[in-house]
Structures are given as C-alpha cells and as structure tokens.
There are 2 protein chains.
Amino acid sequence: MNNFAIRFPLERSSIIEMLQYYNVSPTRQRIEIAEFLFKEPQHLSADKILDGVKAEGKRVSRATVYNTMGLFVEKGMVREVLIDRERVFYDTNTDNHQHVYNVDSGELKDIYDIDINLADNMAIPDSCQVLGADIVIKVCSSPA
Amino acid sequence: MNNFAIRFPLERSSIIEMLQYYNVSPTRQRIEIAEFLFKEPQHLSADKILDGVKAEGKRVSRATVYNTMGLFVEKGMVREVLIDRERVFYDTNTDNHQHVYNVDSGELKDIYDIDINLADNMAIPDSCQVLGADIVIKVCSSPA
DNA sequence: TTGGGTGCAAACTATTTGCATTCGA
DNA sequence: TCGAATGCAAATAGTTTGCACCCAA
C-alpha cells in the first residue's frame, strides 16, 4: 500500500522527498502543511490543519488547505477517516489499520491486527477489486 | 439489538405498532415517512426520502424529514451509514450487517456473516462498552 | 513568459434552528 | 385545550469554485 516509509517526526528534507515520491510538486504551502501533518501520527480535521499551520506563523489560505488535503488523499499520502457526519479526519498513518472511536470523549485510536472474515463472499464478485475496508468500532466510556 | 421484527413491506398498521414499540408518537408525517422507508430494505439519503414521500403526494417539509430521521436513528429504528462526506444513507435494515460500496456504480450492498477478530484487544479497555462496529468495504468495478 | 499554485470572496450543499402555526391526545 | 410536532425561511458549517494575482521553471 503505502511504500514510502515514514519515521515520525518527518523533517523538511524527508517531506520534500516524500512529496517527490508521490509526484506532488513541493510548493511552499504544501511543504508547510506536510511538515505540520507529519510531526506525528495524528487525526486532524481541515480546520485544525489550517489553525495549526497558521499557529506556526505560516501563511496559508483555507482553500489551499482543502486543495492540498484533497491532493494528498488522492496521492495516498494521507487517509480520510469518516466518523460521523461532522467529523472527517485526515490520518497521517496510511499503514493498514483501523479505528476505535470513543463517542463520549471524542477520542480516536488506531487499532492493528484486526482480521475480517467473510463467510458471505458472494457479496464481492470477481469482477470487483477490493480497494480497502474501513472499520470504525464505536465505544462509550461506561463499562459493559 | 433490533427486536421489532420487520417483514417488508410494512403496511400502515405495522408501522404504527413499530412507532409505538420505539416510543415514537405516530404523527401523520412520521407514519408517512416510515411507510415510505419500510416498503423494502433500502439505503436512502435525506433528500431521496423527502422526494420520495412528496412523490407519493404526501405533504412534508425538509425540516421534518431531518427531525424525523434524527429521531428514528436515536430510537434505533434505522441505522445511519456513512460512505463518504456527501454520501450519508439511512438504512432500514437494523440487523447486524455491514456494507460493500462500489465506488464506480455508487451501489451499496449489505453483507452478512462478517467476522471481526481483534488480536490487539488492548485497544478496547474494559472500562469501555462496544456500541457497534461499522465496516464499509470499498470495491471498484474493474477486476483485481 | 507561462502555466501551475495560491488567496480571497462568493457560491454551494447539507443540515440545523427560530419561531409562528397547526395538530392531535 | 395545550404541549408537541410541523413548516417555512433564515442561519450555519464545511467545502468548493471562479478568477485575478503571483511565482518558479
């Protein structure tokens, strides 16, 4: 899947390599946005990205954040995670993993080693290619 | 989970029973919306519901569709399925099942007998209760 | 110089809200 | 009757678009 190995935090030189790897021309704003994103594995909304980049004293517009994130998703640099209607996150971790969402705290955690077993494999005909599976396990804070 | 047994299509008398079962007072609009929804197992957007109910010659406002669907979701009568940012569906099938989404055709299919195996069960502490798991397998039409 | 990238503001889409009106137990 | 539900229109949130400007190859 993702074959550009990331070791967080990514510094500027690696960011530029990464952009080149994904065929994204490394403009100032794209580099600055990517620098902010790839400091650590994280789940961010477009708004948080805009705020974060600006908080670092960088100048970038809302439109550019949306354009850039759209581009990064398309190129496979980040993954889009849908939790509910008004909670769309960009996930800087593109490894094969899934998510646990705590509806009480709003916290989103990664989960690995999840294994799906399809008894009903009629559902996916041979004429189709599986692009991926998105799994969100919703939990609440009160014990079972 | 869902313990009101549905046999599609539901006629008016069963609709009213169902609403009562879920503690939803059966107003004219709610009955009409539910009648439209529970004709068959289906995945509908708010807009399609509004159009559909109106197409049957019933008078209902957009706000009421949103209010009603919000209520139906809260009460567990229907399930919300998120596919992408602008594709939110209401699913009249509340049985335990998951979805296959064809990105080329836009088609959404139910899938049963899916089995998740969590090797990494650290991810869900005992202090949490699992509310459910949403799985969307994305496929495209071109063969693998 | 020239085309891609950016910024701003306006447009747009889906959804929510405020409030007056109407419905229904 | 009287609170709950509804309808309309305006408001809002998140995102996209049109277009002029800018910058780097």
Side-chain angles (χ1 to χ4, degrees), chain A residues 12 15-16 19-20 22-37 43-54 56-75 77-78 80-91 106, chain B residues 12 15-37 43-75 77-78 80-91 106:
Chain A
R12 172 170 280 256
I15 291 286
I16 294 175
L19 291 171
Q20 283 164 345
Y22 285 105
N23 276 303
V24 173
S25 42
T27 65
R28 178 176 63 77
Q29 285 87 341
R30 289 173 183 173
I31 294 167
E32 288 170 357
I33 291 171
E35 276 187 315
F36 175 73
L37 291 173
H43 308 108
L44 295 163
S45 65
D47 231 52
K48 285 266 180 290
I49 296 166
L50 179 64
D51 291 350
V53 172
K54 281 186 167 173
E56 294 187 334
K58 310 296 171 53
R59 199 174 50 78
V60 67
S61 72
R62 181 173 299 275
T64 297
V65 169
Y66 278 104
N67 284 340
T68 301
M69 294 315 297
L71 184 65
F72 285 3
V73 169
E74 182 195 319
K75 297 293 188 175
M77 283 177 58
V78 300
E80 229 174 28
V81 183
L82 276 87
I83 300 303
D84 61 38
R85 232 193 310 287
E86 62 280 345
R87 247 175 267 270
V88 180
F89 293 111
Y90 295 103
D91 190 344
Chain B
R12 173 169 279 254
I15 291 286
I16 294 176
E17 268 178 51
M18 187 187 195
L19 291 171
Q20 284 164 346
Y21 176 87
Y22 284 106
N23 276 301
V24 173
S25 41
T27 65
R28 178 177 61 78
Q29 286 85 341
R30 288 174 184 172
I31 294 167
E32 289 171 356
I33 291 171
E35 275 188 317
F36 175 73
L37 290 174
H43 308 108
L44 295 163
S45 65
D47 231 52
K48 285 267 179 291
I49 295 166
L50 179 63
D51 291 349
V53 173
K54 283 186 167 175
E56 294 187 334
K58 310 296 171 54
R59 200 174 48 78
V60 68
S61 71
R62 181 173 299 274
T64 296
V65 169
Y66 278 104
N67 284 341
T68 300
M69 294 314 297
L71 183 66
F72 285 3
V73 169
E74 182 196 319
K75 298 292 189 177
M77 283 177 56
V78 299
E80 229 175 28
V81 182
L82 278 86
I83 298 303
D84 62 38
R85 230 193 312 286
E86 62 279 345
R87 245 175 270 270
V88 180
F89 293 110
Y90 295 103
D91 189 344

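A, B, ... follow the sequence lines: proteins, then strands. Residue 1 opens every chain. All values below come from the heavy atoms of this structure, side chains included, with hydrogens, waters and symmetry mates left out. All values reported here derive from a predicted model rather than from experimental measurement.
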For a quick test of reading the model, state the closest non-hydrogen atom pair linking B:Glu32 to B:Val53 and the distance between them.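 Scanning both residues completely, I find the closest heavy atoms to be O-CG2, 4.3 Å.
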
State, to 0.1 Å, how close A:Val65 and A:Ala46 come at their nearest heavy-atom pair, and which atoms those are.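 Taking A:Val65 first and A:Ala46 second, the nearest heavy atoms are CG1-O, 3.8 Å.
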
Residue-phosphate contact under 4.0 Å: [X] side-chain N/O, [N] OP1/OP2:
X: B:Arg28; N: D:dA5; result: no
X: B:Thr64; N: D:dT6; result: no
X: B:Arg59; N: D:dT6; result: no
X: A:Thr27; N: C:dG4; result: no
X: B:Gln29; N: D:dG7; result: yes

Chi angles and distances behind the side chain to side chain contact (heavy atoms under 4.5 Å, CB included) call for B:Lys58, B:Ile33: CA-CA 9 Å; B:Lys58 310 296 171 54; B:Ile33 291 171; over 6 Å; no

With a 4.5 Å heavy-atom cut-off, do A:Tyr90 and A:Glu80 have their side chains touching?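 SC-SC contact between A:Tyr90 and A:Glu80 confirmed.
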
If we only count heavy atoms from C-beta on, is the A:Arg59 to A:Arg28 side-chain gap below 4.5 Å?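 With C-beta onward as the side chain, the pair touches.
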
Spacing between [X] atom [atom1] and [N] atom [atom2], to the nearest angstrom:
X: B:Leu50; N: C:dA14; atom1: CG; atom2: P; answer: 12 Å
X: B:Arg30; N: D:dG7; atom1: CZ; atom2: C1'; answer: 14 Å
X: B:Asp51; N: C:dT13; atom1: CG; atom2: P; answer: 14 Å
X: B:Glu74; N: C:dT16; atom1: CD; atom2: P; answer: 13 Å
X: B:Glu80; N: C:dT15; atom1: CD; atom2: P; answer: 9 Å
X: A:Met69; N: C:dT6; atom1: CE; atom2: C1'; answer: 17 Å
X: B:Phe89; N: C:dA14; atom1: CZ; atom2: P; answer: 12 Å
X: A:Glu32; N: C:dT6; atom1: CD; atom2: C1'; answer: 12 Å

Describe the nucleic acid contact of B:Ser25 in one word from base, sugar-phosphate, nothing, applying a heavy-atom distance below 4.0 Å.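 Since only primed, P, OP1 and OP2 atoms lie under 4.0 Å of B:Ser25, the category is sugar-phosphate.
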
If the sugar-phosphate is the primed atoms plus P, OP1 and OP2 and the base is the rest, what is the B/S/- string for nucleotides 9-25 of chain D, using protein heavy atoms under 4.0 Å? -----SBBB--------

Would you say NZ of B:Lys48 has more than 12 non-hydrogen atoms from neighbouring residues, nucleotides or ligands within 6.0 angstrom?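 Counting other residues, nucleotides and ligands, NZ of B:Lys48 stays at 12 neighbours or fewer.
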
Tell me which one of B:Val73, B:Thr68, B:Leu71 satisfies side chain to side chain contact (heavy atoms under 4.5 Å, CB included) with B:Val78.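 With B:Val78 as partner, side chain to side chain contact (heavy atoms under 4.5 Å, CB included) holds for just one option, B:Val73.
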
